[in-house]
Number of protein chains: 2
Amino acid sequence: MAADKTTPKYVLVEDYLRNQIKKNRISDRLPGERALAAELGFSYMTVRKAVENLVNEGLLYKVPTKGTFIADQKANKTRTRTIGYFLDSRIAGGLSSPYYSMIFNAIEKQATRQGYSLVYFSDSSDSNLQMILQKLDGVIASSFLRIENLIQQMKAIVPVVAIDNSVADKTIPSVIVDNFNAQIQSVDYLCSLGHQHIGFMTGLEDSDAGKNRYAGYKSGLIKQGIEVDPALVFRGNYTFGSGVSGAQYFLELEQRPSAIICANDSMALGAISKLHQEGLEVPADMSIVGFDDIDIARQITPPLTTVSVPIDEIASCAFNMLTSLIEGRTLENRHVALEAHLVARGTSREPAKSEVTA
Amino acid sequence: MAADKTTPKYVLVEDYLRNQIKKNRISDRLPGERALAAELGFSYMTVRKAVENLVNEGLLYKVPTKGTFIADQKANKTRTRTIGYFLDSRIAGGLSSPYYSMIFNAIEKQATRQGYSLVYFSDSSDSNLQMILQKLDGVIASSFLRIENLIQQMKAIVPVVAIDNSVADKTIPSVIVDNFNAQIQSVDYLCSLGHQHIGFMTGLEDSDAGKNRYAGYKSGLIKQGIEVDPALVFRGNYTFGSGVSGAQYFLELEQRPSAIICANDSMALGAISKLHQEGLEVPADMSIVGFDDIDIARQITPPLTTVSVPIDEIASCAFNMLTSLIEGRTLENRHVALEAHLVARGTSREPAKSEVTA
DNA sequence: GGATTAAAGTGCTATATAGCACAAATACAA
DNA sequence: TTGTATTTGTGCTATATAGCACTTTAATCC
């Protein structure tokens with residue numbers, strides 16, 4: 001390699017490697033540092049310095065004891081060691097929603113532990129996205145049907161991992177919960193206590209999570225030989241207020257359910273609040289089951305029976321998948337469905353006697 | 001310098017230098033690399049590697065042939081149009097705390113509107129702070145006594161505005177609420193309904209906000225000619241669970257208060273939950289007043305009587321102060337105290353008759 | 001054919017040594 | 001006192017060498 005008096009040798013090595021990569025003469029893994037030094041006629045430490053600079057640029061990545069690899073082209077973007085969490089601004093309450101704030105806390109814990117900063121963003125205007133995505137190495141997005149186009153836009157610029165719901169475009173990795181089977185557990189549990197007349201408050205309609213929870217409720221009833229009664233279904237929207245409205249609805253039915261399954265904890269808490277206001281006792285007069293297992297669910301008296309979503313596992317899994325993508329690696333499993341389990345606490349018991357004999 | 005088997009020597013040198021800089025033992029220029037190597041007993045190249053890493057972090061800068069200097073981190077910063085919100089990781093629940101998530105939502109709205117990204121961070125380790133602050137133009141910090149040193153560290157690097165509590169160092173701008181007078185309003189209102197026996201649940205002890213709310217409670221009573229009874233004060237910590245415990249405490253008193261003022265809404269909700277569980281009605285049997293006005297406070301049945309903190313105004317004010325500082329302007333008013341007002345809703349009424357005649 | 005051991009390959013840390021180009025400090029001569 | 005030359009100090013580039021911890025590959029043995 002022709003030496004140049006003014007250019008440092010390590011810069012010459014950098015330029016040579018950049019050129020090899022650009023011309024696809026190296027396409028996966030570099031020769032080892034010692035071999036490269038021998039091949040180019042420079043010292044081992046000079047070659048190491050050049051390779052390290054290319055790593056810092058994002059062109060290469062190193063795996064100790066395994067080798068030095070070409071980074072995915074998308075990873076050629078200037079690394080900022082910052083990721084983003086996107087929660088659409090149309091979600092009621094944004095991060096004031098207890099579930100999303102738990103998710104966010106968990107992601108922040110992972111990010112901090114591995115030396116990343118975490119940006120929160122919710123505005124979906126093109127200009128805002130462009131501006132923010134320039135600063136990010138990748139995004140974890142709480143996904144809904146309504147934002148699939150947004151997720152496509154993000155994906156064109158940075159790696160994206162979807163959580164809560166997967167995306168129609170299956171090239172986008174996702175971490176979700178098996179809502180369907182988790183909701184069946186709630187039905188099974190209530191039936192095991194003797195409940196036959198079980199109401200359901202739905203979540204949002206444009207989310208697979210919401211749909212799957214509802215499907216799990218119906219499937220669970222059918223499995224128990226109980227006919228699905230549309231009158232026992234109230235359309236909620238995951239908010240405390242809609243839980244209050246839902247309880248009101250069920251109380252006004254001629255034949256009240258003896259238990260209500262809510263598609264999330266906020267609605268369950270709203271329902272309990274309303275029942276108390278009407279002089280009913282939980283679970284003596286009506287059993288309530290939630291979903292998510294937010295902090296308050298454990299703290300109320302009695303503590304809420306609910307499906308516990310593995311928040312830390314979702315965050316950890318999504319984060320690790322994202323950093324793998326950022327570093328140019330491919331994922332072994334692009335779609336992960338984690339299990340959630342029912343936790344029986346104090347807001348459920350066998351139906352009041354009058355309900356059973358009726 | 002004590003060697004550690006697992007920590008690379010160059011990292012030990014980094015930490016040593018960071019520490020020297022933090023303690024102002026080096027304030028302008030470092031000793032030369034050869035001298036430093038001799039002083040510390042490590043090799044020249046090891047010291048060079050450490051110094052280079054600190055240069056990459058933004059702590060130092062080198063001038064070939066002249067030396068290595070402490071970076072004036074404010075002046076040298078590249079603008080990123082990103083601000084940070086800091087909430088110490090020791091705050092229970094982090095952003096799952098309804099008040100802080102509302103604050104965060106409001107800051108995010110301001111930031112997005114004015115073309116800024118928002119990073120959330122809670123970890124206070126030196127390395128994390130250094131790494132994150134490099135990326136930020138400024139910080140809004142929810143302040144407590146325990147993090148005053150942290151705020152000093154941040155201030156050395158970026159402009160900082162404190163919210164919730166001001167800082168002993170009055171050069172640091174702040175936006176707070178007039179907790180004292182707001183809490184007096186709660187006492188006045190309950191007295192106007194006929195309450196004479198009023199309990200209080202305190203917030204955190206290391207916050208001026210908590211102290212001022214408690215001071216307002218006492219001052220309000222004295223103003224009404226009511227003696228302050230220490231038995232009517234329960235030490236809470238702003239959590240729902242401590243509200244439950246507080247209600248338990250008051251119920252066990254020989255002479256129960258007819259009303260309870262809670263230093264925040266989460267404790268108020270916990271108290272209500274417990275009272276319902278014990279078969280008492282709010283406000284028929286006991287009146288409850290909160291502080292903050294979180295979303296759920298309006299949604300429960302009956303809706304909570306509470307002091308409404310002007311969240312959007314706090315966020316807007318703090319954000320505008322911060323961007324002024326970022327842009328190099330000085331502030332007309334460095335310390336802003338906003339008013340909060342009591343909102344009388346459904347959890348308060350005149351005491352039950354038996355309480356009045358007793 | 002499978003298990004075990006040894007060898008080779010990988011990036012990583014660390015040190016010693018040498019000399020470059022340049023700036024600042026010091027010594028000396030006019 | 002000023003100008004010039006020399007010395008010292010600064011970060012920079014470069015190389016050689018050594019060994020660590022771990023992974024992969026090859027050789028050997030049963």
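Chain A is the first sequence line, chain B the second, and so forth, proteins listed ahead of strands; every chain is numbered from 1.
In the model, A:S117 has a side-chain atom that pairs as donor or acceptor with a side-chain atom of B:K135 under 3.5 Å.
For A:R298, the salt bridge (Lys or Arg N to Asp or Glu O under 4.0 Å) criterion is met by A:D293, A:D295, not counting sequence neighbours. With sequence neighbours excluded, the residues forming a side chain to side chain contact (heavy atoms under 4.5 Å, CB included) with B:K62 are B:E33, B:R48, B:V51, B:E52, B:V55, B:T68, listed by chain and number. Every residue two or more places apart in sequence or in another chain that forms a side chain to side chain contact (heavy atoms under 4.5 Å, CB included) with A:N212 is listed here: A:N179, A:F180, A:D208. Residues meeting the side chain to side chain contact (heavy atoms under 4.5 Å, CB included) test with B:S122, sequence neighbours left out: A:E108, B:S89, B:Y120. In this structure B:R18 satisfies the side chain to side chain donor-acceptor pair (under 3.5 Å) test together with B:E14, B:D15, B:E57, sequence neighbours excluded. With sequence neighbours left out, the side chain to side chain contact (heavy atoms under 4.5 Å, CB included) criterion links B:P31 to B:A35, B:L36, B:E39.
Taking atom CG of B:L12 as the reference point, atom C1' of C:dT15 lies 16 Å away to the nearest angstrom. As a whole-Å value, the separation of B:F42 CZ from C:dA16 C1' is 16 Å.
The phosphate of C:dT15 (OP1 or OP2) has a side-chain N or O of B:T46 nearer than 4.0 angstrom.
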What does the list of N/O pairs under 3.5 Å between the protein and nucleotides 4-6 of chain D look like, with a distance for each?
none

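Counting only residues at least two apart or in different chains, salt bridge (Lys or Arg N to Asp or Glu O under 4.0 Å) contacts with residues 164-173 of chain A comprise A:K155-A:D169.
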*asked:* So if I define the base as every atom that isn't primed, P, OP1 or OP2, how would nucleotides 5-13 of chain C read as a B/S/- string at a heavy-atom cutoff under 4.0 Å?
replied: ----BBBBB
